[in-house]
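This report concerns only the one structure given below.
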Amino acid sequence: MDLFVAIMVNVAAASTPLVFAAMGELVVEKSGVLNLGVEGMMLMGAIAGFAAGYASGSMLIGIIVAGIAGGLLALLFGFLTQHLLANQVATGLALTIFGIGISAMVGHSFVGISLDPIAKGIPFLEDIPVIGKLFFGHDILVYASFVMTALVFYFLYKTRAGLILRAVGTNHDAAHSIGYSVIKIRYMAIVFGGAMAGIGGAYLSMAVNPMWVEEMTAGRGWIALALVVFATWRPGRVLVGAYLFGGISILQLNLQAMGVTIAPQLLAMLPYLVTIAVLVIISRDSGLMKKHAPACLGKIFHASS
Amino acid sequence: MFKSVLKKAAGAVAVAAGLAAMSAQAADVKVGFVYIGPPGDHGWTYQHDQGRLAVEKELGVETTFVENVPEGPDAERVINQLAATGHNLIFTTSFGYMNPTLKAAKRHKNVKFEHATGYKQAANVATYSGRFYEGRYVVGHIAGKMTKSNVLGYIASFPIPEVIRGINATIRGARAVNPDATIKVVWVSSWFDPGKESDAAKTLIDQGADVILQHTDSPAPVQVAEERGVWAVGQASDMHKFGEKAHLTAIIDDWAPYYIERTKAVMDGTWTGGGDTWGGFKTGMVVMADYNKAIPADVVELAESIRKGIIDGSVHPFAGPVVKQDGTVAVPAGETPDDGFLAGMNFYVEGVDGEMPQ
């Protein structure tokens, strides 16, 4: 039981950065924009959050600054793709490379410093026998990621603003013709996506490993991008996918430590394989997929056309 | 990407000091370095860069480094560029640069190349690597004495002989002082992924390990050990900053003596290619970091006696009997295996928990 709880706490820690980054990208893609720069924005958030947390001594300030840093980098992407009409795929890839470089440069003087990790557990509640540690033994950002999932769902499907955002992503010409500012709406979505990616990155540098090392996200931005697609742009399934991925990543390490003999190369593939397989199977209804996929994804919007 | 560091000032001082002959040679020699990661990785590349700085300081020569060079076609381009811009000696510091280095060496016959951890040489290509297993054997002794649960946790990257040898040397060291010790191995299929490395460390601790060892490059496991109140051993570089209480010691790769020696050889005109250097404690390529104050004096003494024994040849980490996991004898008692045996090691010894991946 203790081991089970310990595993679950690790699973939550491995999944949370993916939930944040993927939830942000989901909103961006729902507005019809494909930003492949998630990895770069996560790194930017990781170093900014770490630096601010270190300088201020406050985790909250660190997280806020991480969100701002990710959002600023996303703003650059927005300017290039929405104003200068640059190709989104190329710009997104460039954003990742830029993010890797600039985070390394900014982070140069922070190499070798440790922070105290963000505190885990909710006082009193975590002392409840059996379920206490399981449900209340996590850090605050784990809960925040669940709240964020619910908020994104509520925003997209239950509010007028969410409806407009989805309309922009489905048919930007139609949305434009009835008077919505496609570019403004997309800007807001892009900045939100950047902020979420930044917080996801900061979770790595402040909660999982409270330190800065270059390229510490190690590809998680790409996993977040894949999750959005395989979850067919639905917030609940993004959450499920992130936890499947995190869960199997941790489970395979535990199986290895228990001495189960499976090739480690195969085990390393397992999170990817299972996550993709499960998400493809639960989302295989092509009618529903069409309904949820943003039809204008990646297309450049030009107001005059 | 290019950062050139001129040491003209140092050269001028040397001339003034009357070392005209030496500084004349120093001005002729330019040394290039190709790195797989950033010097700020606090591990593998950091140590190579320390070696580069030592060359500059010691010999007053000009050095250039190129960081974050991916293994593959890009590496060849970078190496060729260094060779074409007047570098007479080029160190390529990752295993995957092996073929690019050889190709560049073919094109630039008058340039000398040094490739780390490779096994292919040429007339103008030498190879070098460290006997890190010597350090792991010493660490094994400390871990065997310090563990309370008798379970050591080992975070491994890829099942290649270099890594297998490290695992075996560690548990052989541990069992020499604590026959009940076992080692759990978790493979993370990466050299560098702080998130995954810390997940692996947490997993091993959850399953009873109280000393965490690693053959991956980030300091994340040391930090996790500190947080959880268990022991850890740093990798490649001194990592005590990431866990003041947990950090027992670290196995440091010290490339400086080798880099200085080889650069000097180029300056003297005595450099020869085609050979391989596998340096350990004896040549100073492998060094132990400061021992944690929490380690009892007799354990430090024991560790030091093993280290000194390896240097004078009275101790060999794989001196027979070497018993495989399944009980068969790989090296009979009284025999010492040769380097070929060590280089191709593909089995677990007694005390490793779980089967070796094929």
Side-chain angles (χ1 to χ4, degrees), chain A residues 2-7 9-11 13-14 17-18 46 100-101 104-105 107-117 120 203-205 207-220 246 249-269 271, chain B residues 1 37-43 45-46 67-68 151 153-159 182 184-190 192-209 217-224 226-227 237-239 241-244 352-358:
Chain A
D2 281 352
L3 184 61
F4 174 71
V5 172
I7 289 173
V9 170
N10 291 348
V11 168
L18 298 175
I100 290 171
M105 195 182 85
H108 200 74
S109 50
F110 291 96
V111 171
I113 298 171
S114 283
L115 273 185
D116 287 334
K120 275 188 166 43
Y203 189 78
L204 287 169
S205 67
V208 180
N209 308 110
M211 62 174 166
W212 166 251
V213 274
E214 288 181 23
E215 294 185 43
M216 67 185 297
T217 50
R220 281 169 185 73
S249 307
I250 299 297
L251 198 65
Q252 64 102 347
L253 294 174
N254 275 281
L255 287 178
Q256 286 195 51
M258 285 169 187
V260 175
T261 313
I262 308 171
Q265 298 89 338
L266 187 74
L267 287 172
M269 283 192 296
Chain B
M1 209 149 73
D41 72 350
H42 228 274
T45 297
Y46 175 82
E67 60 180 36
N68 287 323
V151 180
Y154 203 101
I155 302 163
S157 49
F158 298 99
T182 59
K184 280 183 189 288
V185 182
V186 165
W187 299 89
V188 293
S189 300
S190 172
F192 180 82
D193 182 337
K196 222 168 177 183
E197 289 169 55
S198 79
D199 287 344
K202 287 173 192 164
T203 299
L204 287 163
I205 297 165
D206 290 340
Q207 296 209 16
D217 292 343
S218 97
V222 176
Q223 202 181 37
V224 170
E226 177 87 355
E227 203 186 316
S237 184
D238 190 334
M239 293 179 172
K241 274 196 234 164
F242 295 94
E244 297 283 354
V352 184
D353 203 19
E355 276 175 54
M356 199 185 75
Q358 295 302 320

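So that the names make sense, note that chain A is the first sequence line, chain B the second, and so on, each numbered from 1. Side chains included, hydrogens not; waters and symmetry mates left out as well; all remaining heavy atoms used.
In this structure, chain B has no heavy atom under 4.5 Å from any part of A:L267. No part of A:P17 comes within reach of chain B, as not one of its non-hydrogen atoms sits under 4.5 angstrom from that chain. B:D353 touches chain A through its side chain: at least one heavy atom from C-beta onward sits under 4.5 Å away, while N, CA, C and O do not. B:E227 touches chain A through its side chain: at least one heavy atom from C-beta onward sits under 4.5 Å away, while N, CA, C and O do not. Of the atoms belonging to B:V185, it is backbone heavy atoms, and not side-chain ones, that fall under 4.5 Å from chain A.
With chain A as the partner, the residue from B:P219, B:A200, B:P159 showing the most heavy-atom pairs under 4.5 Å is B:P219. Top candidate by heavy-atom pairs under 4.5 Å with chain A, chosen from B:G208, B:S190, B:A220, is B:A220.
In plain terms, the two heavy atoms of B:Q223 and A:P210 that are nearest each other are NE2-O, 2.7 Å.
Every side chain to side chain contact (heavy atoms under 4.5 Å, CB included) that B:P39 has, sequence neighbours left out, goes to B:Y35, B:T45, B:D49, B:F65, B:E67.
Distance alone, capped at 3.5 Å, is enough to place a donor-acceptor pair between the B:Q207 side chain and the A:N254 backbone.
In this structure, CD1 on A:I100 lies 8.5 Å from CG on B:N68, to the nearest 0.5 angstrom. How far CD of A:Q256 is from OG1 of B:T203: 9.0 Å, rounded to the nearest 0.5 Å. Note: B:E197 CD to A:L253 CG = 11.5 Å, rounded to the nearest 0.5 Å. Here the straight-line distance linking atom CG of B:D193 with atom CZ of A:R220 works out to 4.5 Å at 0.5 Å rounding.
B:S189 places none of its side-chain heavy atoms less than 4.5 Å from the side chain of A:M269. Looking at heavy atoms from C-beta onward, B:P194 lies out of side-chain contact with A:L204 at the 4.5 angstrom threshold. With contacts defined as side-chain heavy-atom distances shorter than 4.5 Å, the pair B:D217/A:V213 does not qualify.
Within a 6.0 Å sphere centred on CD of B:E355, heavy atoms belonging to other residues, nucleotides or ligands number 12 at most.
Of the candidates A:I250, A:I7, A:V9, A:V208, B:K202 forms a side-chain contact (heavy atoms from CB on, under 4.5 Å) with just one, namely A:V208.
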